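Below is one structure, written out as structure tokens; the observations come after it.
All values reported here derive from a predicted model rather than from experimental measurement. Values below: every heavy atom of this structure, side chains too, minus hydrogens, waters and symmetry copies.
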Amino acid sequence: MPRGPATRIPGLLDGLNAAQLEAATHENGPLLILAGPGSGKTRVITRRIAWLCTERAVDPWRILAITFTNKAAREMRERVEKLLPAQGAWISTFHAMCARILRREIEVLGGYTRDFTIYDTSDRNQLLKQLLKDANYDTTRFKPSMVGAWISDWKNGLSERDPAVTFVATEGEDTADTGIESEVFVRVRGMYEAALKKQNALDFDDLLVKVHQVFDEHPGIRDAYASRFLHVMVDEYQDTNHVQYRLTKALASVHGNVAVCGDPDQSIYAWRGADIRNILDFEHDFPNPRIVKLEQNYRSTTTILKAAQALIEKNTERKPKDLWSEKGEGRKIVVLQCADENDEAREIAQQIQGLVREGRAHKDVAVFYRVNFMQRALESALRMARVPYQIVGGQEFYERREIRDLIAFAKLVMNPSDDVAFRRVVNVPSRGIGDKSLEVLAQFAADRRLTLAQAATSTEALSSIRGRARSGLESFGALVARLEPLKEAAAGIALEQILEEIGLEKWMAEMDDDTGVDRQANVDELVTFAHAYDAMVEDSKRVANPAQGVEALEGGLRGFLQDIALVSDTDAMKDDTDKVTLMTLHSAKGLEYPAVFIAGLEEELLPHARAIAETTGSNPESGIEEERRLFYVGITRAEERLFLTHAQQRMFFGEYGFRSPSRFLSEIPPQLLEGYEPDREEDEMLGAYETKAEESFAVGDRVEHDHFGRGTIDRLQGAGVNARATVHFPAHGTKTLLLQYAKLKRLNKEGR
DNA sequence: AAATCCGCGTTTTTT
DNA sequence: ACGCGGATTT
């Protein structure tokens, strides 16, 4: 045995319930853990890893655990490290794992080197836009983001199905020339794939696809990994897509020890290719698995759990499951109706202050929302109320221009063939190189199948460019050449060197526009982060033990670029600071907080309009059902307090629109809501959240309003909960009112 | 080539 | 409301 006798960990399995114990100590063969929210599955996985290592003498480095996000990976690693002194388990996301494998293996595919660049979604769209332009396609008709989404769909389905026709038919505006459109898509896809290869670049989906390809074409390599990993575990299995399923299968192909964990009710990524059949068909894909259901919830009060349960039972496409909890009833759920998004944000800030007064810490509170733009109003209200907060996701930091520029320089150092990076920074800071001369260069490059960087060093190409542009290109070429040795440098040193060479002063001065953004501070932050990264790498080298299979991190500028390409801001979230956390519902998966706010419970927001319109798939309700699961995920993050808010009006695209409460609100049993009084107010409560037949009004009717007095109806719009009337009140002017709330009384001809 | 202005679409959700 | 791309100046 490569490892010494296993050290037993006293109390490792203490406190596990029967089902958890069964899962944690399952030995060989497939294992399916169906885990309800808050049922302690992370606990099971971490204990299981520790149990295998100590009780079954499995070397940690022979364990592979896949999580959905980098943050989840980090947390799991920390929890395992607390249990186990020995290190070396691979705990990462599919993407990070694949990047790591490709760094070592990609050269067998031919044409790629280990210095490959990773293109994120915006790099991808940038490249597509360039290709579409070069091919003279109208980029408003063929939007790069749309083509990109379609290509992504194709890759995630691993070419099993070709979505060409259906995609265009559902997303495109006119279906008349669908055939032509899909032809263009296919053609652009070919150009895109060729460009990626030429540029030694992979997009996010390629990370998975190329590993699959390596495994497929080189069974020896596949077997090497599959033999190495004695146990493979995949968390959030309900959100895996087809490529990920295939990779799981390949990695488990030698030992067959695959443990997956998930909850079909929390599947919220169908839109990016997640295939819920992976978990539903697990028994078929990996025959005779042990199946363990974790149904005891340790997180939420029964009030919260009942609400979640009642809601999710409205979904038709699900397997029934019985969640229960020994926690008490706790407080009722609070529903707050607000005037608009600012009122909503203020209300949330106020409620948080109330919770803090009751003795809760800020970090015990989270606010969730459906779409990122809702973050703005919340942020400003919290700032005004002096409530400390942090925001998860939104990619904010890495989206900043100065950060992207600096990273583009670094990518160019690592991979001079990266044309997207080249275009981005060739004129940063300005060297007099404009579109015209760039086009000349690009044309030259295209004619001879060169990358832009190669063309830029050709005297022949330069001779066709005159004046300032020429000297600019020359000096840029010289700059890139000077930076070349940094390829093998530590990340922090490399970035500092780059900044020095490009002329930080001039660069900053040029970017210094009105906005007063502290770009210098952002750049400093990235450099500081790079130094911290280098330190971490040094640490990992110290504990590395190649003889036992414990590898050090890749490190250097190369490793740094790889890591930041896959890391989002979500991962930078600290939970040791006492701040309220703001995030989208999607980011909330896997987390828990004593108090949770979910904002924007309105039709067309949650469920989102796009999901309502969705008619693809066999089930016309499937879009709605995914939204319902998303809300379910949100609710089940809450331990004790749950607040749901909705606004009557909300700013959209710079205009206020009337909003009706989400249908999901009416799916929560009213007796779980605060303010519910069965005797007197039942009608009113129901009235607020259910679509009822509207009292009929007509244009010209005389009406009376509690506040505005008497008036005349000018206009009627909308129906059901969205019905509204534009009324002219002599005393207050013209108002548009939601009939559902306005309680308008119709007056007869005598004015009574 | 760079600066300024206008019009348009934009908002799901993330690795 | 805002950022981007395209058009129009300087």
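With no hydrogens or angles considered, no side-chain donor-acceptor pair links A:Tyr632 and A:Gln266 at under 3.5 Å. Judged purely by distance below 3.5 Å, without hydrogens or angles, the side chains of A:Tyr192 and A:Asp203 pair a donor atom with an acceptor atom.
In this structure, the aromatic ring of A:Phe652 is not positioned over the six-membered ring of the base of B:dT11 within 5.5 Å between centres and 30° between planes. By the criterion of a centre-to-centre distance under 5.5 Å and near-parallel planes under 30°, the ring of A:Phe373 forms a stack with the base of B:dT11.
When the C1' atom of B:dT10 is taken as reference, atom CG of A:Asn372 falls 14 Å away, rounded to whole Å. The nearest whole Å value for the distance from the CZ atom in A:Phe68 to the P atom in B:dT14 is 10 Å. For the pair A:Glu341 CD and C:dA1 P, the interatomic distance rounds to 11 Å; values are reported in whole Å. Separating the CD atom of A:Gln244 from the P atom of B:dT14 is a distance of 16 Å, rounded to the nearest angstrom. If you measure from atom OH of A:Tyr632 to atom C1' of B:dT13, you get 19 Å, rounded to the nearest angstrom. Distance, A:Tyr269 OH to B:dT15 P: 6 Å, rounded to whole Å. For the pair A:Asn156 CG and B:dT13 P, the computed distance is 18 Å after rounding to whole Å. B:dT14 atom C1' lies 10 Å from atom CD1 of A:Ile268, rounded to whole Å.
Residue contacts for A:Ser437: at a heavy-atom cut-off of 4.0 Å it reaches the sugar-phosphate backbone alone, with no base atom in range. A:Asp435 comes within contact range of the sugar-phosphate backbone alone, with a heavy-atom separation under 4.0 Å but no base atom that close.
Cation-pi geometry between A:Lys589 and A:Phe68 is satisfied (NZ or CZ under 6.0 Å from the ring centre, within 45° of the ring normal).
Among residues two or more places apart in sequence or in another chain, the side chain to side chain donor-acceptor pair (under 3.5 Å) test is passed with A:Glu78 by none. Every residue two or more places apart in sequence or in another chain that forms a side chain to side chain donor-acceptor pair (under 3.5 Å) with A:Asp115 is listed here: A:Lys487, A:Arg558. Residues forming a side chain to side chain donor-acceptor pair (under 3.5 Å) with A:Thr645 (at least two apart in sequence, or on another chain): A:Glu344.
For A:Phe204, taking side-chain heavy atoms from C-beta onward, the closest of the listed nucleotides B:dT13, B:dT15, B:dA1 is B:dT15. Comparing B:dT15, B:dT11, B:dT14 by their closest approach to the side chain of A:Phe653 singles out B:dT11. Listed candidates were B:dA1, B:dT11, B:dT13. Nearest to the side chain of A:Thr584 is B:dT13.
Position along DNA chain B of the nearest nucleotide to A:Asp205 versus A:Lys436 favours A:Lys436 as the more 5'-ward residue. Along DNA chain B, the nucleotide nearest to A:Ala469 and the one nearest to A:Ala565 differ in position, and the one closer to the 5' end is contacted by A:Ala469.
Of the residues in residues 91-103 of chain A, those lying under 4.0 Å from DNA chain B by heavy-atom distance are A:Thr93, A:His95.
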Walk me through it: do A:Glu439 and A:Lys436 pass the test salt bridge (charged side-chain N to carboxylate O under 4.0 Å, His left out)?
CA-CA 5 Å; A:Glu439 268 335 290; A:Lys436 205 64 179 294; over 6 Å; no
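Counting all heavy atoms, side chain and backbone alike, A:Glu625 lies closest to A:Glu317 at OE1-N, 3.3 Å.
We find that A:Glu193 and A:Lys197 are not joined by a salt bridge, their nearest charged nitrogen and carboxylate oxygen being 4.0 Å or further apart. With respect to A:Glu554 and A:Arg103, no salt bridge is recorded, no charged nitrogen being found less than 4.0 Å from a carboxylate O.
Using cut-offs of 30° and 60° on the angle between ring planes, the pair A:Phe529 and A:Phe560 is tilted. Ring-plane geometry between A:Tyr225 and A:Phe215 is classed as tilted, the angle between the planes lying from 30 to 60 degrees on a 0 to 90 degree scale.
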Quick one: which protein N/O atoms are closer than 3.5 Å to N/O atoms of nucleotides 2-10 of chain C? Pair and distance per line, please.
residue, atom, partner, partner atom, Å
C:dG5, OP1, A:Lys129, NZ, 2.1

Identify all pairs in which a protein N or O lies below 3.5 Å from an N or O of nucleotides 2-9 of chain B, and state each distance.
residue, atom, partner, partner atom, Å
B:dA2, OP1, A:Gly432, N, 3.4
B:dA2, OP2, A:Asn427, ND2, 3.3

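Residue side chain A:Thr69 does not reach the base of B:dT14 through any donor-acceptor N/O pair under 3.5 Å, judged by distance alone.
Enclosure of atom CZ in A:Arg104 by more than 12 non-hydrogen atoms of other residues, nucleotides or ligands within 6.0 angstrom is indicated.
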